[in-house]
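Down below is the structure, laid out as structure tokens.
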Amino acid sequence: MSRYKASEYRKVLDKAKVCSEEYLDGLSQMPAYPDSKAVEALSIFDEPMPASSSKPEEVIELLSKYGAPATCASSGGRGFGFVQGGILPAALGASWLVDTWNQNAGFYDMSPVSAAIEGVAEKWVTRLFGFPDGSAMGLVTGSATGLLTCFIAARNELISRQGWDVRKQGFKKAPPIRIVLSAEAHSTVMNALYHLGFGTDEMEFVPVDHYGRMIPSKVPALDNRTLLILQAGHIVGGSYDPIDELTDMGRAAGAWVHVDGAFGLWAAVSDKQKHFVKGLGKADSCNMDAHKTLNSGYDNSIILCRDRSALESSLALGGSYVSSTTPNRNNNNYTPEMSRRARGIILWAALKELGRDGLEKLIDNMCRCTEYFAERLEEIGYEKPNPVFFNQFFIKLPTDEETKKALAHLQSSGITWMGGATWKGSHVIRISVSSISITKDSIDECLPAFREAIWYNHR
Ligand SMILES: Cc1ncc(COP(=O)(O)O)c(C=O)c1O
């Protein structure tokens, strides 16, 4: 007999449901970023480990009362920071259900439902992104881990082609491989490479053009020992490397081509946007976050690998108690993890809710809103040095001082929130339109704050 009866779970789920509904009801009115009072009130959690137990529904009550006001309303319509998606209703519902089922999605034997549904999502995603049927999909927490996963497979495969088995003979004395990447690669690309034992001195950085795109004529001669890493969506300006040309160059040389498209790869699912990622289907591997552009909720990140066996041979687990003989899918053959929650079911639910048309509409609407936002901000008086790429752009004012003051004003306004960055040595305000809750109306609600931010500079 379980310690808790279903009725006891019901009480706490009812409480969580009410709290969640209240949160969603208030989301459109919430400050885009928690105010200092809400953040200070978090000190209520800072107590010694309690000696006595609490009622579960009281734990949820406390969490909701003090936690919710200190959340960032990144699922709302006025948050443009980092690249943060909202959450689709079916994904939220599936997430609740998956937590109730509490499946270990790592092995088929632990959860046939997780294996079966993730397998379906694999087929859908492979087609959506133009990878050949039979490609492997792995689901990880975020692109930082997705990149690491793909690079493990790429490194081991490039080394194994030279007659060396990394799993048996180790990496220290292995034949060398080359890493060719953009001078503007995302910091998580760098981290993944560091984790795998590569230092910056060993990497070959390719110069970029005015918008941060790799210049094909500056790519060093490639060979079949090379991991070539491309970027689909620069984190500051959103630009895309010329994937078609670069994948051709990589393939002709026998290199392993990876495309990091944490948010930008979703351009592939829209007829209007797919020109950005032309040639993607020729890559060996890629990564993109469902929790960003698809709005699946955290943590849900996808990797695709054309060579299933390269991924499996690098990641599959051994151990006598692990049923590696099952003909069915073991989800953990495609990620570095063993036990994990059933992300595949949540991904499936998001895709099932939208369908092919809904997914395309989601992307197209995001891109329309981004263009609309950029036009309004230019009208107000912001400079927009670069074009809009997909769902990203940045703005600035004539001097760094003005830009920094305007950003500080926007960030403390409560009306909207976004982050800063530097671009070609200048401070900029970066805008990412990633949440499904963003509409032209929610953008209009933010415009007075942008006007004030300029005015504030001239006081
Ligand atoms: C191009 C790129 N790669 C990787 C990442 C890391 O993604 P995650 O936060 O899911 O680890 C990001 C995050 O914005 C990104 O823009």
Side-chain angles (χ1 to χ4, degrees), residues 72 74-75 79-87 91 129 137-152 154 179 181-196 206 208 211-214 227-243 246 257-268 276-277 280 283 285-304 335-337 340 343 346-347 350 366 370 386 388-394 417-423 428 430-435:
C72 296
S74 45
S75 289
F80 309 99
F82 304 101
V83 191
Q84 305 200 83
I87 185 156
F129 290 90
M137 180 189 80
L139 294 180
V140 288
T141 48
S143 279
T145 317
L147 287 158
L148 179 65
T149 309
C150 291
F151 296 168
I152 292 171
I179 310 286
L181 73 171
S182 165
E184 292 278 335
H186 191 268
S187 50
T188 52
V189 169
M190 300 306 299
N191 264 23
L193 293 168
Y194 297 149
H195 298 331
L196 285 173
V206 179
V208 295
Y211 297 137
R213 302 175 292 206
M214 266 161 86
L227 166 58
L228 172 64
I229 305 165
L230 314 182
Q231 178 160 262
H234 187 293
I235 188 59
V236 180
S239 66
Y240 289 68
D241 287 336
I243 293 169
L246 293 169
V257 184
H258 178 84
V259 185
D260 170 22
F263 63 88
L265 220 64
W266 292 93
F276 281 125
V277 292
L280 173 65
S285 56
C286 64
N287 64 285
M288 60 284 197
D289 286 326
H291 60 222
K292 289 189 168 69
T293 320
L294 176 62
N295 284 251
S296 69
Y298 294 95
D299 48 26
N300 212 319
S301 187
I302 304 167
I303 60 157
L304 283 178
T335 78
E337 299 162 335
R340 65 168 173 87
R343 294 183 190 112
I346 299 163
L347 173 64
M366 222 173 243
T370 316
N386 288 8
V388 166
F389 289 102
F390 193 52
N391 64 344
Q392 311 284 312
F393 66 98
F394 60 82
W417 199 89
M418 72 282 318
T422 54
W423 180 258
V428 299
R430 56 174 300 283
I431 309 260
S432 173
V433 177
S434 306
S435 165

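This chain uses plain numbering: 1 for the first residue, then up along the sequence. Note that the structure is predicted; figures quoted are calculated from it, not measured. We use all heavy atoms of the structure for the numbers below, so side chains are in, but hydrogens, waters and symmetry mates are not. Start at 1 and go down the list; that is how both ligands and their atoms are numbered.
In F82, the CZ atom is not crowded: 12 or fewer heavy atoms of neighbouring residues, nucleotides or ligands sit closer than 6.0 Å.
In terms of protein heavy-atom proximity, atom 5 (C) of ligand 1 is nearest to H186 CE1, 3.4 Å. Of the protein's heavy atoms, I235 CD1, 3.3 Å lies nearest to atom 16 (O) of ligand 1. Of all protein heavy atoms, the one closest to atom 10 (O) of ligand 1 is D289 OD2, 2.7 Å. Closest to atom 3 (N) of ligand 1 among all protein heavy atoms lies D260 OD2, 2.8 Å. In terms of protein heavy-atom proximity, atom 4 (C) of ligand 1 is closest to T188 OG1, 3.1 Å.
Here S432 pairs with Q392, S434 under the side chain to side chain donor-acceptor pair (under 3.5 Å) rule; sequence neighbours left out. Take H234 and apply the side chain to side chain donor-acceptor pair (under 3.5 Å) test, not counting sequence neighbours, and it matches E184.
Interface of F263 with ligand 1, defined as ligand atoms under 4.0 Å from a residue heavy atom, comprises 16 (O). Within the listing of ligand 1, atoms 10 (O) sit less than 4.0 angstrom from a heavy atom of H291.
Checking only distances, S143 does come within under 3.5 Å of ligand 1, N or O to N or O. Polar contact with ligand 1: present for A144 (N/O pair, distance under 3.5 Å).
Considering I229, L228, L227 in turn, L228 is the only one that fulfils the side-chain contact (heavy atoms from CB on, under 4.5 Å) rule with V257.
Checked by atom type and distance alone, the side chain of S435 never pairs as donor or acceptor with a backbone atom of G85 at under 3.5 Å.
Side-chain contact of D289 with S143: a donor-acceptor pair under 3.5 Å is present, judged by distance alone.
For G233, the heavy-atom gap to ligand 1 drops under 4.0 angstrom.
Under the 4.5 Å side-chain criterion, counting only non-hydrogen atoms from C-beta, T293 is in contact with F390. Between S239 and N386, every side-chain heavy-atom pair lies at or beyond the 4.5 Å cut-off.
With a heavy-atom cut-off of 4.0 Å, F82 does not touch ligand 1 at all. The part of K292 lying near ligand 1 is the side chain, judged by heavy-atom distances below 4.0 Å.
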